[in-house]
Amino acid sequence: MKQILQNLGNGETILSDVPCPQNKLGHLLIASQKTLVSAGTERMLVEFGKASVFEKARQQPDKVKMVLGKVRTDGLMPTLDAVRSKLDQPLPLGYCNAGVVMDSGVQGYEIGDRVVSNGNHAEVVRVPQNLCAKIPDNVDDESAAFTVLASIGLQGIRLVQPSLGECVVVTGLGLIGLVTVQLLKAQGCRVLGIDFDSGRCAMARGFGAEAVDLSKGESPIEKAAAFSRGRGVDAVVITAATKSNEPIHQAAQMCRKRGRIVLVGVVGLELSRADFYEKELSFQVSCSYGPGRYDPEYEDKGTDYPVGFVRWTEQRNFEAVLDMMSSGALNVKPLITHRFAIEGAVEAYQTLNDSKALGVMLSYPAPNLNRGDLLSRKVSLYAPASYRPTDAVCSFLGAGNYASRVLIPAFKKGGAKLHSLASSGGVSGVHHGKKHEFAYSVTDEIEVYQDEAVNTVVIATQHNLHARQALTALQAGKHVFVEKPLALTLVELDELESAYQQTEGRQHLMVGFNRRFAPLVQQMKQLLSVSNQPKAFIMTMNAGEIPPNHWTQDAAVGGGRIIGEACHYIDLMRFLAGSEITGFTATKMGEVPGIEITEDKASITLTFADGSFGTILYLANGGKAFPKERIEVFANDAVLQLDNFKALRSFGWPGFKGKKLMSQDKGQHACAALFVQAIQQSKPTPIPASEIFEVSRVSVQIAQSLRG
């Protein structure tokens, strides 16, 4: 199927062939009929992509601070690699979609239903249930495609809380501004529109508003004073896009005492206290389509807000807009200035350079379930190579940041043959599949398990999928490499261990505990091997904060940060001790009223069969100025200290003064290469299965103990 993507690195707009996304519970699979190019929002994205690296940095000062902090902790080259990878990610464009349901994982929606959604510009989109709404029979697809964009204006109006007869100014008469004008008129308001474009001012007048044409030198302050009969306007909705602070300043001057200003667009925000102080003005920024936006519980998991407490959610705003269209109170047809078929997408985006462009509409072929290219979940990228019996022929499940930036290059460098790259949505799979020369991109993982050419599966998906995917791959006769963690529960681990034992050593199962393969850790292991005395470890992971609502913090999805990341240190300590774990104690930071304490501020102490013990300090509340990872080993009347896998220091260690690498090396490449070699040369798995299951069980048990 066809999909429009943008390269954030250079701003290039691409019409790409991608496999059809795989539907899942709580989502709809929709065959697009019409999508609207939002001239304002999408022009900004394209311009950002075309900007130089310096200009991109200037536009995002907060991101620059993050980059500088990463340079201090991880070094220059790993940071540059991370930045390049971020800019290399393809961005699916579009968020205004009208189409027909092809497959439903949602109660109340049937195949053939006409729906709107915030789906991208693609022939088929997968959208969660709370971001869809049914289209009334008397609303055509072109009009319906405006629904999401109109909801942005509607949410701004809801924050203004206009009442019948109030006078409201709309600054910026683009698509959202002109829709906002109509919605305000429908609520019985007197409306004054402001813009530099005479044509848009004329359209606003056609919708029943008065207008200020800035291109003719008309004064918005004077016009607003006359419009409000000298009292000052009741409210201003700013839908403009400009770097200037002037729209906010003008809005304050136009308002009456205790007037309301709501920002829907993007403008300069250097506010003058004097503008707001004397009139006691209120100012609020509107968030997209309404309540629920960016809330994973609402958008991803489909948990609705009770109507008695949140009357207007994103979805209910969609429905309200569609009702306005159905009644004739909202007419968006005059806003369409250009129409293109999806095949002309690149030309369509070139019209954004035209200041007269307003609504650019894209059309798609009528839905046909027999179209193989539309429904195909496998796309050929390169001709598959010829494979030898000893080759490690790999398919990857997951094409996220870590997989694309670290794992895939590591396996490729290690000698693996890259066969297919599976991603749920298809976009990242095609992009990174082409970049790394995979033969295929797929969206259905069954393709991977059933392909006889594939003998190795690398799993780099969300953590809750790991155990099931590893189990299925083992049962399909594949070698399996799981980017940590192996599983989230003890039951899953028991099932996996049973399945692995049934392979009787014919298949490899490995977890990406790469830190034990880091060159300086290998040096530590060699130095420690001369001592038979028990050892003491202090391992500090200055992990950095992740919001409590991030998927990795969700016990059911990410497993939490102990299972998901601290497991690295549990394995590392097990490796350096060279002895079985016999027990643990774990304590997390105490609860504080009003502050949510997650498990990522914890102390874990392990004991070992040889008498060794060690403490892992996994802390999300430290500063970036301190090393992110520090490992200290006390033994042999001396101390070894490793900072960020870059510098190993010796404090009195006999015959060793220390060692420093040019750049950080956490052992990812060595980990992948040794796994590939084990397959190619029929060698034992680089990490014994007994240690993998031991560390995985202890990690789960520790996380469970911290949750009480």
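Counting begins at 1 with the first residue of the sequence. Nothing here was measured: the structure is a model prediction, and the numbers come from that model. Values below: every heavy atom of this structure, side chains too, minus hydrogens, waters and symmetry copies.
- Qualifying ring pair (Phe, Tyr, Trp, His ring centres under 6.0 Å) partners for Tyr364, counting only residues two or more places apart in sequence or in other chains: none.
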Pair Leu173-Ile194, side-chain contact (heavy atoms from CB on, under 4.5 Å): steps then yes or no: CA-CA 7 Å; Leu173 297 175; Ile194 300 175; over 6 Å; no
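- Distance alone, capped at 3.5 Å, is enough to place a donor-acceptor pair between the Asn120 side chain and the Gly94 backbone.
- Between Ala329 and Gln182 the shortest heavy-atom distance is O-OE1, 4.0 Å.
- A donor-acceptor pair shorter than 3.5 Å can be found between the side chains of Arg126 and Ser424.
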Worked check of side chain to side chain donor-acceptor pair (under 3.5 Å) between Asn138 and Ser326: CA-CA 6 Å; Asn138 66 335; Ser326 179; 2.8 Å; yes
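- In this structure, the side chain of Glu599 engages the main chain of Arg561 through a donor-acceptor pair within 3.5 Å.
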Stepwise side chain to side chain donor-acceptor pair (under 3.5 Å) test for Asp354 and Thr351: CA-CA 5 Å; Asp354 181 359; Thr351 66; over 6 Å; no
Asn118 and Arg293: CA distance, side-chain angles, deciding distance, side-chain contact (heavy atoms from CB on, under 4.5 Å) verdict: CA-CA 11 Å; Asn118 74 335; Arg293 191 68 178 122; 4.3 Å; yes
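- Between Ile30 and Cys132, the closest side-chain pair of non-hydrogen atoms falls below 4.5 Å.
- The closest side-chain donor-acceptor pair between His121 and Tyr95, if any, does not fall under 3.5 angstrom.
- Here Thr552 contributes atom OG1 and Glu565 contributes atom CD; the two are 8.5 Å apart, rounded to the nearest 0.5 Å.
- Side-chain atoms of Asp234 come within 3.5 Å of backbone N or O of Cys167 as a donor-acceptor pair.
- Distance check, rounded to the nearest 0.5 Å: CD1 of Ile336 to CD of Glu142 gives 4.0 Å.
- The closest side-chain heavy-atom distance from Ser282 to Arg258 is not below 4.5 Å.
- Counting only heavy atoms from C-beta outward, the side chains of Ile4 and Ile342 approach each other to under 4.5 Å.
- Using modelled atom types, one side-chain atom of Thr239 and one backbone atom of Thr171 make a donor-acceptor pair closer than 3.5 Å.
- The shortest distance between side-chain heavy atoms of Val236 and Gln250 does not fall below 4.5 Å.
- Around the CD atom of Glu218, the shell of radius 6.0 Å holds more than 12 heavy atoms that belong to other residues, nucleotides or ligands.
- Of all heavy-atom pairs between Pro247 and Ser244, the closest is CD-O, 3.5 Å.
- Of the inter-residue distances, the one linking Phe318 atom CZ with Ile135 atom CD1 reads 12.0 Å to the nearest 0.5 angstrom.
- Scored by the ring pair (Phe, Tyr, Trp, His ring centres under 6.0 Å) test, His463 finds His466, Trp551 as partners (sequence neighbours excluded).
- The environment of CZ in Phe196 is sparse: at most 12 heavy-atom neighbours from other residues, nucleotides or ligands sit within 6.0 Å.
- At a threshold of 4.5 Å between non-hydrogen side-chain atoms, the residues Asp213 and Asp195 do not count as touching.
- A donor-acceptor pair is defined here as one N or O able to donate and one able to accept, closer than 3.5 Å; such a pair exists between the side chain of Thr313 and the backbone of Arg316.
- What you find for Leu29 and Pro21 is that their closest heavy atoms are CD1-O, 3.6 Å.
- In Lys216, the NZ atom is not crowded: 12 or fewer heavy atoms of neighbouring residues, nucleotides or ligands sit closer than 6.0 Å.
- The CG atom of Leu36 sits 5.0 Å away from atom SG of Cys96, with the distance rounded to the nearest 0.5 Å.
- When all heavy atoms of Cys255 and Ile261 are compared, the pair lying nearest together is SG-CG1, 3.9 Å.
- Within 6.0 Å of CG on Leu269 lie more than 12 heavy atoms contributed by other residues, nucleotides or ligands.
- One finds the CG atom of Leu330 at 8.0 Å from the OG atom of Ser143 (value rounded to the nearest 0.5 Å).
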Chi angles and distances behind the salt bridge (charged side-chain N to carboxylate O under 4.0 Å, His left out) call for Asp600, Lys588: CA-CA 8 Å; Asp600 56 7; Lys588 72 175 182 179; over 6 Å; no
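- Every residue two or more places apart in sequence or in another chain was checked for a salt bridge (charged side-chain N to carboxylate O under 4.0 Å, His left out) with Arg311, and none qualifies.
- Summarising the geometry, atom CG belonging to Asp140 is positioned 12.0 Å from atom CD belonging to Gln33; distances are rounded to the nearest 0.5 Å.
- Using a 30° and 60° split on the angle between ring planes, Phe283 and Phe276 fall in the perpendicular class, above 60°.
- Not a single donor-acceptor pair under 3.5 Å links the side chain of Ser32 to the backbone N or O of Lys34.
- With a 4.5 Å cut-off on side-chain heavy atoms, Thr180 and Leu184 count as touching.
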Steps toward side-chain contact (heavy atoms from CB on, under 4.5 Å) verdict (Asn317, Gln155): CA-CA 7 Å; Asn317 275 342; Gln155 176 60 17; 3.3 Å; yes
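- At least one donor-acceptor pair closer than 3.5 Å links the side chain of Gln315 to the backbone N or O of Gln129.
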Worked check of side-chain contact (heavy atoms from CB on, under 4.5 Å) between Val233 and Val168: CA-CA 6 Å; Val233 302; Val168 182; over 6 Å; no
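- The shortest non-hydrogen separation linking Gly26 to Val106 is C-CG2, 3.4 Å.
- Other residues, nucleotides and ligands place more than 12 heavy atoms under 6.0 Å from the CD atom of Glu246.
- Phe146 has its side chain within reach of Met361: a pair of non-hydrogen atoms, C-beta onward, lies under 4.5 Å apart.
- Between the Arg114 side chain and the Val139 main chain, a donor and an acceptor come within less than 3.5 Å of each other.
- Checking Arg190, Arg260, Lys185 one by one against Glu166, the salt bridge (Lys or Arg N to Asp or Glu O under 4.0 Å) holds for a single residue, Arg260.
- Counting only heavy atoms from C-beta outward, the side chains of Val427 and Leu5 approach each other to under 4.5 Å.
- In this structure, the side chain of Asn130 engages the main chain of Tyr298 through a donor-acceptor pair within 3.5 Å.
- In this structure a side-chain-to-backbone donor-acceptor pair under 3.5 Å is present from Asn245 to Glu270.
- Taking both residues in full, the closest heavy atoms of Val285 and Leu159 are given as O-CD1, 4.2 Å, listed atom of the first, atom of the second, then distance.
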